[in-house]
Amino acid sequence: MRATCALFLASGMVLGGTTLGPSASAVTTGHGGGNPAQAPVPDVLGAQATYTPPPSGVSRVLTPTATTTPCDVVGTGAGTPPAIVAGDTSGDCPTDLTLTVQAGTLQVQVPNTWSLGEGVPGSTLSSNPTNPAPGYPDGFMVSDTRGEGITGSDWTVSVNLQVVNGAAAFVGPTESPGTNYHLGDVTYDPGTATNQESPPVGTITGPANPPVLLPSTGTAVEVLSATHAPGITSWIPTLNVVIPPAAPAGTYTATLSTSVTAA
Amino acid sequence: MSVSGRGCVRRLSGVLMLALAAGIAIPGASAFARPSKGTPSSPGAAPHYLRFGVRLVDTPLAEADDPRAQQAIIDVLPTGSAIGPRILIVNEEPTAGVFAVFPGAAQISNGDFIGAADGIGNELTGWITVQHPTVRLGPGQSAMDQVTIRVPKGATKGEHYGVIWTEQVAPARDSRGVAVRMTARVGVRVYLGVGRGGLPPTQFDIMSITGMRPAPSRPLLIVAVNNVGGRAVDLEGTLRLTNGPGRSTAGAFNPQQMVTLAPGQSGNVVFALPATLPTGPWTANVTLQSGLYVATAQATVLFKPPVPGSRTNAAALAGAAAVLALIAIATFLAIRSRRPRRALA
């Protein structure tokens, strides 16, 4: 990679945008492990005019928030759970814990049923989830009420199909239990995710090239990434399923996991 | 694995008393060998949503001021030691819900922290037990569950990654055609370092700052970062543009998404900017942060559209590189063929 960069620089070629600066030729790329969902970095890279690293070894300040006897339980007031605090030397009990005083949770909401309807062999079936109950907001939702000042309100959503009989796919027909026929590729498009705060806040990013293929290995794929997005963020995804021409008629099912983690 | 000891008994009693006071039924932990595969369905006759919340409750004293430690289990432990952070689970549905709590493997690749497929473990997941693998909650009820991470002797040194999942599975329903059974999970990430001698350093370097305007997309500013420390970093930050045309300024902007890098990995933090942003030049002031570690960098950038013909140049150069590679291979083979061959016996 380094040799390739040198070749491009020697040719004077410019890709995409330009970065000005005094040390452009001395800067090498570092995107070998980069995020494929992001735009590629041109091979002519920019300057690093100034860079102020923090003091060596100083990256945190320790402020114990509570002290008590080893592995003890203390009450923290009405409405809050008991806290486990302080250290323990016995080796049996968890050590060095303190109570984090914060409210709220990171919530997920998904419809508990999603029927894609019926399709013709040789076609692709596409569907959005319908609102299963009056009074609920449509679609999928993440609600972050943990407090942006404490946590940053960053979170990601990934999805995967669970593996059944060797592959993550729609399996059926359920009317013929011994058949175990797998339908074709399944793709997921989160659509536009919208923060419901007024005005909307945060940055919510979907896949660079939707829809994304859900691997037949069952591996999870990140479909949304949010930074500084407290409150409710909702989206209405689209699921696409390829129905092979040879698919036997009947009912097919798959289990879709929607996973949210605090980032 | 059960937790023993006087204080632990007191803690368990406290949790049980809390649960009883809240009217929560927490079944025993013994009959739950593989929670995810056997996650019981939540009851519910009418169609509705799966809706619940989770948060981490306990944070190590040593990480008390680190915002990352408020939302993920982040610690460094010597072998033979243990921690016991708790998580809070809140059922937000108008009906009762059943939740499975279990550890899962995770990996950091391509800038993302991704939980592994269901049923896949790693070294870390073998060290984790949860006090209540199944939690039943009434409408609006909440409960605490304790996670114990016990690092065994002989554990591999370095940082390990996993997720403590809380999972709810929708009940199976009669359906026709093509239907999806829904599962929802909320995870608390685990970044656990194993080793002695203090905390490994957290450090990342900003390697370059590049402006680009790939048609027809919005202008982008791409910051290349290397994680040169001993712990994973979750990178976010801000971009401010100053000294623009007419002394204009713009920002602050947040990155498109958080980028997670394991030690030794590199990646790009991308800022997507308004389409109306003038070409510049601008002074880009970038601040990236992971927890309490902050790095800043500054560069002068332009957001120019792609240069016409650059693709042609690229193709020509690629062709030239291929020719050079072929010449090198041919030369190598020629040299190799002139070497004296070892005579067969």
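The chains referred to below are lettered A, B, ... by the order of the sequence lines, with proteins before strands, and numbering in each begins at 1. Keep in mind it's a predicted model, so treat the numbers as computed, not measured.
Contacts of B:A184 with chain A are made by both backbone and side-chain atoms, with heavy-atom separations under 4.5 Å. Interface remark: B:V186 contributes backbone and side-chain atoms alike to the contact with chain A (heavy atom separation under 4.5 Å). Of the atoms belonging to B:V163, it is side-chain heavy atoms, and not backbone ones, that fall under 4.5 Å from chain A. Heavy atoms of A:L239 lying under 4.5 Å from chain B belong exclusively to its side chain. For a residue to count as touching a neighbouring chain, one of its non-hydrogen atoms must lie under 4.5 Å from one of that chain's; by this rule A:L183 touches chain B with the side chain only.
Between chain B and the options A:V241, A:T251, A:T217, the largest number of non-hydrogen pairs under 4.5 Å is found for A:T251. Comparing A:I243, A:T253, A:L106, A:N160 by heavy-atom pairs within less than 4.5 Å of chain B, the highest count is held by A:L106. For the set B:G115, B:A72, B:A179, the count of heavy-atom pairs under 4.5 angstrom toward chain A peaks at B:A179. Among A:T255, A:V110, A:T205, the residue making the largest number of heavy-atom pairs under 4.5 Å with chain B is A:V110.
Residues B:P171 and A:N112 are in side-chain contact: their nearest non-hydrogen atoms beyond the backbone lie under 4.5 Å apart. At least one side-chain heavy atom of B:W165 sits under 4.5 Å from a side-chain heavy atom of A:T261. At a threshold of 4.5 Å between non-hydrogen side-chain atoms, the residues B:T183 and A:Q162 count as touching.
A distance of 5.0 Å separates CZ of A:R146 from CD of B:Q71, quoted to the nearest 0.5 Å. Here the straight-line distance linking atom CD of B:E92 with atom OG1 of A:T145 works out to 7.5 Å at 0.5 Å rounding. Note: B:D234 CG to A:D154 CG = 8.5 Å, rounded to the nearest 0.5 Å. For the atom pair CE (A:M141) and OH (B:Y49), the distance works out to 9.0 Å, reported to the nearest 0.5 Å.
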B:L50 vs A:Q109, test: side-chain contact (heavy atoms from CB on, under 4.5 Å). Steps then yes/no. CA-CA 5 Å; B:L50 307 176; A:Q109 173 184 294; over 6 Å; no

Check the pair B:R189, A:T156 against side-chain contact (heavy atoms from CB on, under 4.5 Å), reporting the backbone distance first and the verdict last.
-> CA-CA 11 Å; B:R189 296 181 180 184; A:T156 62; 3.6 Å; yes

Verdict with supporting geometry, A:L116 and B:V180, side-chain contact (heavy atoms from CB on, under 4.5 Å):
CA-CA 8 Å; A:L116 280 69; B:V180 183; 3.4 Å; yes

Show, in sequence, the C-alpha distance, side-chain angles and deciding distance for B:M182 and A:F140, and conclude whether the side-chain contact (heavy atoms from CB on, under 4.5 Å) test is met. CA-CA 11 Å; B:M182 306 298 287; A:F140 289 56; 3.3 Å; yes

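Between the side chains of B:R55 and A:T105, not a single donor N or O lies within less than 3.5 Å of an accepting N or O.
For the residue pair A:S225 and B:M258, the shortest heavy atom distance occurs at OG-N, 3.8 Å.
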